[in-house]
Visitor: 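Before I ask anything, let me first share the structure, which is written out below as structure tokens.
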Amino acid sequence: MKGFAMGHLFIKLTIIVTVVLLLFMPVNNFVKHSYDYNINHAILAFKKHPYPVDIINLGASHSMYGYYFKPTGLSHLDLALPAQTIQYDFKLLREYGKYLKPGGVVIVSISQITFANSEAKHIGNYYKVLDRTEIEPFRLIDYYSYLYLPGTNSGSFNSALSGKLKNFKWNSHQPWANNGKNYSGRKYEKVEAQYREAVENNNIQQNVKQLRQIVEYCSEKGYRVILTMEPVHQSYQEYFNEEVMNRLVFQYLKALKLDVPFLNYMRDQRFADNKDYFIDPDHLNREGRKMFSWIVYKDLKKLGYL
């Protein structure tokens with residue numbers, strides 16, 4: 001009887017495990033095929049088949065959605081990823097800068113979060129594009145679960161689900177509700193909270209120092225470096241006005257006294273009032289990206305960088 005009971009229990013457990021696996025597999029595949037999980041696909045493709053490039057851009061999402069130089073004839077590598085810290089800008093530059101042609105250009109994108117952003121929120125984005133020794137913090141269990149069982153990661157699942165449900169947001173949370181002011185206000189509150197935390201934790205100066213190191217590294221390697229700020233919609237500018245931007249960004253840039261050009265397109269009137277160029281108030285869409293890249297290309301030529 002005891003053996004029969006154990007056998008019965010084993011069958012029950014087997015059925016339960018099988019059902020759980022059958023339910024989990026679609027969830028895991030859903031996450032693995034989501035846009036956010038594969039956000040680094042262009043860098044991965046380049047890593048597998050590298051080639052010499054004329055220009056590299058670093059930065060966070062403003063930069064990632066900002067540049068597309070193919071129509072200009074330039075070969076281009078986009079190393080920007082969402083919420084990317086300046087520390088990971090430097091890590092990626094050290095890893096992939098070797099593919100820059102002699103005298104190649106490095107665009108360092110400066111955004112509202114450049115000096116306040118110190119915690120890499122999407123570590124998984126770097127598991128396949130950087131060596132493990134460059135990833136901080138690196139945990140083996142997180143590494144393997146992210147690569148093979150991403151459905152078990154609540155952050156990855158929530159990102160994948162948010163991507164699918166983005167068109168079903170409340171009207172007030174749509175990017176262009178109230179002409180973009182609702183979205184811009186939420187972003188402003190988020191950035192302000194991040195900035196206050198960075199000040200409290202003394203992270204600002206660490207990021208300022210890192211920017212100087214990037215510029216010095218480019219000089220040592222013979223790269224031609226330039227700082228940029230991508231255009232945003234008027235509704236975004238209303239929250240991130242000159243006073244706010246001076247506190248978040250410009251005061252630190254001024255103190256650095258870097259001997260490199262800074263092309264600030266944030267309030268560029270060619271984009272400010274035209275929603276047709278934006279996905280949302282602070283990210284360019286395909287048409288906006290093409291137009292902006294041509295503008296940057298022409299300005300780089302004027303500077304003698306190309």
Side-chain angles (χ1 to χ4, degrees), residues 34-39 57 59-68 78 80-86 109-122 125 154-199 228-250 264-293 295:
S34 67
Y35 175 79
D36 281 0
Y37 185 79
N38 294 286
I39 199 78
N57 65 289
S61 58
H62 289 183
S63 180
M64 186 182 78
Y65 287 102
Y67 301 98
Y68 180 67
D78 183 355
L81 288 168
Q84 184 158 284
T85 65
I86 198 165
S109 171
I110 304 297
S111 76
Q112 297 78 52
I113 66 171
T114 295
F115 297 119
N117 190 21
S118 58
E119 180 184 356
K121 298 177 178 63
H122 307 289
N125 289 343
S154 60
S156 298
F157 176 76
N158 289 337
S159 293
L161 190 61
S162 295
K164 286 293 184 183
L165 298 178
K166 64 182 178 181
N167 293 325
F168 298 95
K169 293 179 180 178
W170 297 107
N171 288 338
S172 62
H173 279 69
Q174 292 291 339
W176 295 109
N178 194 20
N179 198 33
K181 291 181 180 179
N182 294 0
Y183 171 97
S184 300
R186 291 193 300 270
K187 287 295 289 281
Y188 172 74
E189 291 173 2
K190 183 178 178 180
V191 171
E192 282 288 7
Q194 189 176 24
Y195 180 75
R196 287 193 298 271
E197 184 179 348
V199 171
T228 62
M229 190 169 282
E230 294 76 29
V232 296
H233 187 258
Q234 179 64 40
S235 60
Y236 201 82
Q237 295 177 30
E238 290 176 11
Y239 283 93
F240 293 91
N241 56 38
E242 289 289 346
E243 180 183 349
V244 171
M245 288 303 296
N246 184 60
R247 177 166 49 82
L248 297 178
V249 177
F250 298 143
N264 183 2
Y265 301 97
M266 182 176 177
R267 304 183 191 283
D268 194 308
Q269 289 306 303
R270 290 168 288 191
F271 296 88
D273 295 320
N274 196 333
K275 289 192 289 188
D276 292 339
Y277 291 135
F278 293 94
I279 298 170
D280 50 45
D282 64 329
H283 296 102
L284 294 169
N285 62 19
R286 182 174 296 184
E287 289 305 311
R289 182 160 56 249
K290 288 180 182 178
M291 178 176 170
F292 177 57
S293 297
I295 291 170

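All residue numbers refer to positions in the sequence shown, counting from 1.
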Visitor: Does Lys181, at its NZ atom, have more than 12 non-hydrogen atoms belonging to other residues, nucleotides or ligands within less than 6.0 Å?
Guide: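 Not buried by this count: 12 neighbours or fewer within 6.0 Å.
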Visitor: State the CD-CG distance between Gln237 and Asp268, to the nearest 0.5 angstrom.
Guide: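 If we round to the nearest 0.5 Å, Gln237:CD and Asp268:CG are 9.0 Å apart.
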Visitor: Let's go through Val249 and Phe115 carefully: what are the C-alpha distance in whole Å and the side-chain angles of both, what is the deciding distance for side-chain contact (heavy atoms from CB on, under 4.5 Å) to 0.1 Å, and is it a yes or a no?
Guide: CA-CA 7 Å; Val249 177; Phe115 297 119; 4.0 Å; yes
Visitor: For Asn274, run the side chain to side chain contact (heavy atoms under 4.5 Å, CB included) check against Phe278, Phe271, Tyr277 and tell me which one passes.
Guide: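 Checked Phe278, Phe271, Tyr277 against Asn274; only one passes side chain to side chain contact (heavy atoms under 4.5 Å, CB included): Tyr277.
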Visitor: Salt bridge check: are Arg247 and Glu192 linked by an N-O gap of less than 4.0 Å?
Guide: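 Yes, charged N to carboxylate O under 4.0 Å.
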Visitor: So how far is it from Gln234 CD to Arg267 CZ, rounded to the nearest 0.5 Å?
Guide: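 Here the interatomic distance stands at 8.0 Å.
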Visitor: Not counting sequence neighbours, which residues clear side chain to side chain contact (heavy atoms under 4.5 Å, CB included) with Lys187? List them please.
Guide: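 So Lys187 forms a side chain to side chain contact (heavy atoms under 4.5 Å, CB included) with Tyr183, Tyr236, Asp282, His283.
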Visitor: Run the side chain to side chain donor-acceptor pair (under 3.5 Å) test on Glu238 and Ser184 for me, step by step, so that the C-alpha distance in whole Å, both residues' side-chain angles and the decisive distance to 0.1 Å come before the verdict.
Guide: CA-CA 8 Å; Glu238 290 176 11; Ser184 300; over 6 Å; no
Visitor: Take Thr114 and Ile86 through the test side-chain contact (heavy atoms from CB on, under 4.5 Å) and record every step on the way to the result.
Guide: CA-CA 7 Å; Thr114 295; Ile86 198 165; 4.1 Å; yes
Visitor: What are the two closest non-hydrogen atoms of Ala83 and Ala60, and how far apart are they?
Guide: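 For Ala83 and Ala60, the tightest heavy-atom pair comes out as N-CB, 3.8 Å.
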Visitor: Restricting to non-hydrogen atoms, name the atom on Thr85 and the atom on Ser118 that form the minimum distance, rounded to 0.1 Å.
Guide: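 Nearest pair, atom of Thr85 first, then Ser118: CG2-C, 3.9 Å.
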Visitor: Could you report the tightest heavy-atom contact between His233 and Ala272, atom names first, then the distance?
Guide: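 Shortest heavy-atom separation between His233 and Ala272 comes out as CD2-O, 3.1 Å.
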Visitor: Are more than 12 heavy atoms, taken from residues, nucleotides or ligands other than Lys190, located less than 6.0 Å from that residue's NZ atom?
Guide: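 Open.
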Visitor: If the condition is side chain to side chain contact (heavy atoms under 4.5 Å, CB included), which residues does Asn264 pass it with, not counting sequence neighbours?
Guide: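 Checked Asn264 against side chain to side chain contact (heavy atoms under 4.5 Å, CB included); matches are Met229, Phe250, Phe262, Met266.
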Visitor: Would you check if Lys275 and Asn179 make a side-chain contact, meaning some heavy-atom pair closer than 4.5 Å?
Guide: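 Counting from C-beta outward, Lys275 and Asn179 do come under 4.5 Å.
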Visitor: Between Asn57 and Ser63, does the side chain to side chain donor-acceptor pair (under 3.5 Å) criterion hold? Intermediate values first, please.
Guide: CA-CA 7 Å; Asn57 65 289; Ser63 180; 2.8 Å; yes
Visitor: Verify side-chain contact (heavy atoms from CB on, under 4.5 Å) between Ile39 and His122, making sure each step is shown before the conclusion.
Guide: CA-CA 10 Å; Ile39 199 78; His122 307 289; over 6 Å; no
Visitor: Return the set of residues passing side chain to side chain contact (heavy atoms under 4.5 Å, CB included) with Ser293 (not counting sequence neighbours), or none when no residue passes.
Guide: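 Result, side chain to side chain contact (heavy atoms under 4.5 Å, CB included) vs Ser293: Tyr67, Tyr68, Phe69, Arg289.
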Visitor: Quick one: pull up OG in Ser111 and CD in Glu230 and give me the separation to the nearest 0.5 Å.
Guide: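 Here the rounded value is 8.0 Å.
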Visitor: Where is the tightest heavy-atom contact between Asn285 and Glu287, given as atom of each residue plus distance?
Guide: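 Answer, listing the atom of Asn285 first, then Glu287: OD1-N, 3.1 Å.
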Visitor: Do you know which two heavy atoms are closest between Pro175 and Asp280, and how far apart they sit?
Guide: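 Smallest interatomic distance, heavy atoms only, reads CB-CB, 3.7 Å.
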Visitor: Take Phe240 and Val232 through the test side-chain contact (heavy atoms from CB on, under 4.5 Å) and record every step on the way to the result.
Guide: CA-CA 10 Å; Phe240 293 91; Val232 296; over 6 Å; no
Visitor: According to the interplanar angle, ranging from 0 to 90°, do the rings of Tyr239 and Tyr188 count as parallel (below 30°), tilted (30 to 60°) or perpendicular (above 60°)?
Guide: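 Rings of Tyr239 and Tyr188: tilted, as their planes differ by 30° to 60°.
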Visitor: Would you compute the distance between atom CG of Asp78 and atom CE of Met64 and round it to the nearest 0.5 angstrom?
Guide: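 Separation between the atoms: 7.5 Å.
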Visitor: Which atoms form the tightest heavy-atom contact between Asn125 and Asp36, and what is the distance?
Guide: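 So the two residues come closest at OD1-O, 4.3 Å.
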Visitor: Find the distance between NE2 (His62) and CD1 (Ile113) and round it off to the nearest 0.5 Å.
Guide: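 One gets 7.5 Å once the value is rounded to the nearest 0.5 Å.
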